[in-house]
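In what follows, a single structure is set out as structure tokens and then discussed.
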Amino acid sequence: MEYLGGIVDYGVIGLLVLMSVAALAIAIERYLTYGKIRVERFPDKKTLEFELTKRLHLISTIGSNAPYIGLLGTVLGIMFTFYTMGREGLMDTGKIMIGLALALRATAAGLMVAIPSIVFYNLLLRKVRGIVLRWETGHGR
Amino acid sequence: MNAQRLGITASLSIHACLLSLMLLILDDKPVVIKTFHINFEQQEPSFPATRKAVNPRDSRPNAPVPSTRRQNVLPASLQQQETKAPVMNSDPEIPIPESAGVKGLVKPEVQLPVGVGIPGPEKQGEPSVIDTQFGNMGAPAFLYREMPVYPRAARRMEKEGKVMLKLLIGMDGTLNGVEVIKSAEYGFTEAAVDAVKKSTFTPAHINGRKVASRAILSVRFTLK
């Protein structure tokens with residue numbers, strides 16, 4: 001069970017950092033693409049929608065899963081803390097508290113990844129909707 | 001492609017900035033918590049509630065030393081000393097005759113001053129680890145025992161009392177902590193704790209290795 005501590009620290013938080021980087025990268029790229037897109041080049045609506053929503057689902061997945069991954073890290077950290085405390089037979093509350101606090105930072109990291117991701121996702125969705133409507137008005141629908 | 005690469009690099013740089021900021025701000029040294037690492041190899045026996053004079057398992061035909069294995073209930077007045085180690089400079093021990101093998105040691109209360117009837121702290125709670133060789137298995141013991149001072153108020157009011165302390169004794173014999181399990185009024189608890197703090201100890205041994213331990217000490221104040 002000793003490796004649980006390492007898993008929480010490097011595994012979970014590292015994964016969250018990766019996800020955050022990916023989400024932000026996709027969001028920036030999509031935003032730039034939406035700025036440059038020319039709606040008249042698309043003959044029909046479905047192709048336009050397909051092109052617009054290309055990587056949005058990734059942002060959505062990251063945004064909705066990051067809290068769970070953070071929670072998983074917290075649960076593992078708490079398990080590890082209690083296991084260690086139980087095995088040593090110590091009831092030193094200070095050490096327990098610090099272990100728990102450090103375990104909770106995984107949840108905090110998960111939330112910090114999720115909140116901007118959801119914001120970006122909603123903003124991008126709104127932009128997609130705007131572009132599709134622009135196409136619709138341009139094509140007289 | 002251009003937008004993608006731009007996005008990735010922008011994201012990476014932003015995250016690098018944020019992470020370094022966070023590390024700078026939140027970086028405090030890990031708090032060093034002083035914990036007492038106590039081996040749980042010593043079990044706590046139940047407290048002597050009744051006077052049970054017979055503990056038949058104590059008899060060991062070849063052992064010239066008092067064997068106090070498996071004692072659950074220790075008679076309150078019998079001084080059970082579980083090590084052969086020279087315990088207290090002032091307490092002579094009477095070893096158990098082999099045939100009888102049932103009584104613990106009886107310490108004559110020679111050193112106690114008149115009027116202060118403390119029958120000596122009884123060292124219960126020291127290793128009732130089972131089935132270890134007697135010579136090896138050591139209990140923490142007093143190296144120098146400071147006798148508690150009978151509180152004046154209690155003596156005036158002719159009160160007696162009993163205090164039970166749990167001593168956390170480290171590997172080098174230092175007293176790491178004192179916990180009061182059962183306290184008494186009229187200053188008995190403070191007197192007992194003060195005396196214990198002024199005493200020095202030898203640590204417990206398991207197989208010759210010094211271990212930290214928790215020992216229960218019962219100090220009874222009686223008036224003679």
Side-chain angles (χ1 to χ4, degrees), chain A residues 5 9-10 13-37 51-52 54-56 58-59 62 66 81 84-102 104-105 108-109 111-113 115-117 120 124 127, chain B residues 1-44 125-129 140 166-171 176-181 204 206 211-216:
Chain A
D9 270 350
Y10 299 113
I13 294 191
L15 182 61
L16 285 172
V17 168
L18 262 174
M19 285 163 58
S20 173
V21 169
L24 187 58
I26 295 175
I28 292 178
E29 184 262 329
R30 286 282 94 192
Y31 184 75
L32 292 174
T33 318
Y34 296 166
K36 291 196 205 131
I37 204 162
E51 195 58 41
L52 287 178
K54 247 200 175 150
R55 273 175 280 270
L56 287 187
L58 287 174
I59 305 182
I62 290 174
T81 303
T84 313
M85 293 301 137
R87 201 168 49 154
E88 286 179 14
L90 271 174
M91 278 303 137
D92 190 357
T93 45
K95 219 165 159 196
I96 294 181
M97 290 302 151
I98 286 206
L100 291 180
L102 291 180
L104 284 173
R105 76 183 160 171
L111 290 173
M112 283 199 296
V113 167
I115 292 174
S117 299
F120 293 153
L124 290 174
K127 252 195 157 2
Chain B
M1 272 309 121
N2 217 353
Q4 261 183 10
R5 228 177 304 158
L6 187 55
I8 292 177
T9 47
S11 169
L12 280 172
S13 44
I14 291 178
H15 275 88
C17 292
L18 284 175
L19 283 176
S20 49
L21 254 175
M22 269 178 29
L23 284 176
L24 279 174
I25 292 180
L26 300 176
D27 195 15
D28 27 67
K29 296 224 171 65
V31 176
V32 172
I33 302 180
K34 179 178 179 204
T35 52
F36 305 134
H37 283 271
I38 299 169
N39 263 340
F40 258 176
E41 300 179 25
Q42 326 260 345
Q43 296 175 20
E44 302 172 34
E126 286 148 23
S128 36
V129 177
K166 191 189 288 187
L167 312 177
L168 314 176
I169 296 176
M171 263 164 103
N176 283 335
V178 178
E179 231 181 278
V180 177
I181 300 177
I206 296 272
V211 293
S213 59
R214 304 186 315 179
I216 297 186

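Letters A, B, ... mirror the listed sequences (proteins, then strands); counts begin at 1.
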Exercise for the section: For atom OH of Y31(A), decide whether the heavy atoms of other residues, nucleotides or ligands shown that lie under 6.0 angstrom number more than 12. Expected result: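 No, the 6.0 Å shell around OH holds no more than 12 heavy atoms from other groups.
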Handout entry: Atom pair CG (L19(B)) and OG (S20(A)), whose distance is rounded to the nearest 0.5 Å
Key =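 If we round to the nearest 0.5 Å, L19(B):CG and S20(A):OG are 8.0 Å apart.
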Exercise for the section: Taking all non-hydrogen atoms of both residues into account, name the closest pair between M112(A) and M22(B) and its distance. Expected result: CE-SD, 4.2 Å
Problem - Side-chain touch H15(B)/L24(A), heavy atoms, less than 4.5 angstrom - result: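 They are in contact (side-chain heavy atoms under 4.5 Å apart), so the answer is yes.
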Handout entry: Per-residue contact mode, R55(A) against chain B (heavy atom under 4.5 angstrom)
Key = side chain
Exercise for the section: Check whether M97(A) gets within reach of chain B through its side chain, its backbone, both or neither, counting any heavy atom under 4.5 Å. Expected result: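 For M97(A), there is no contact with chain B at all, as no heavy atom is under 4.5 Å.
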Handout entry: When V21(A), L32(A), I28(A) are compared by non-hydrogen pairs under 4.5 Å with chain B, the top option
Key = V21(A)
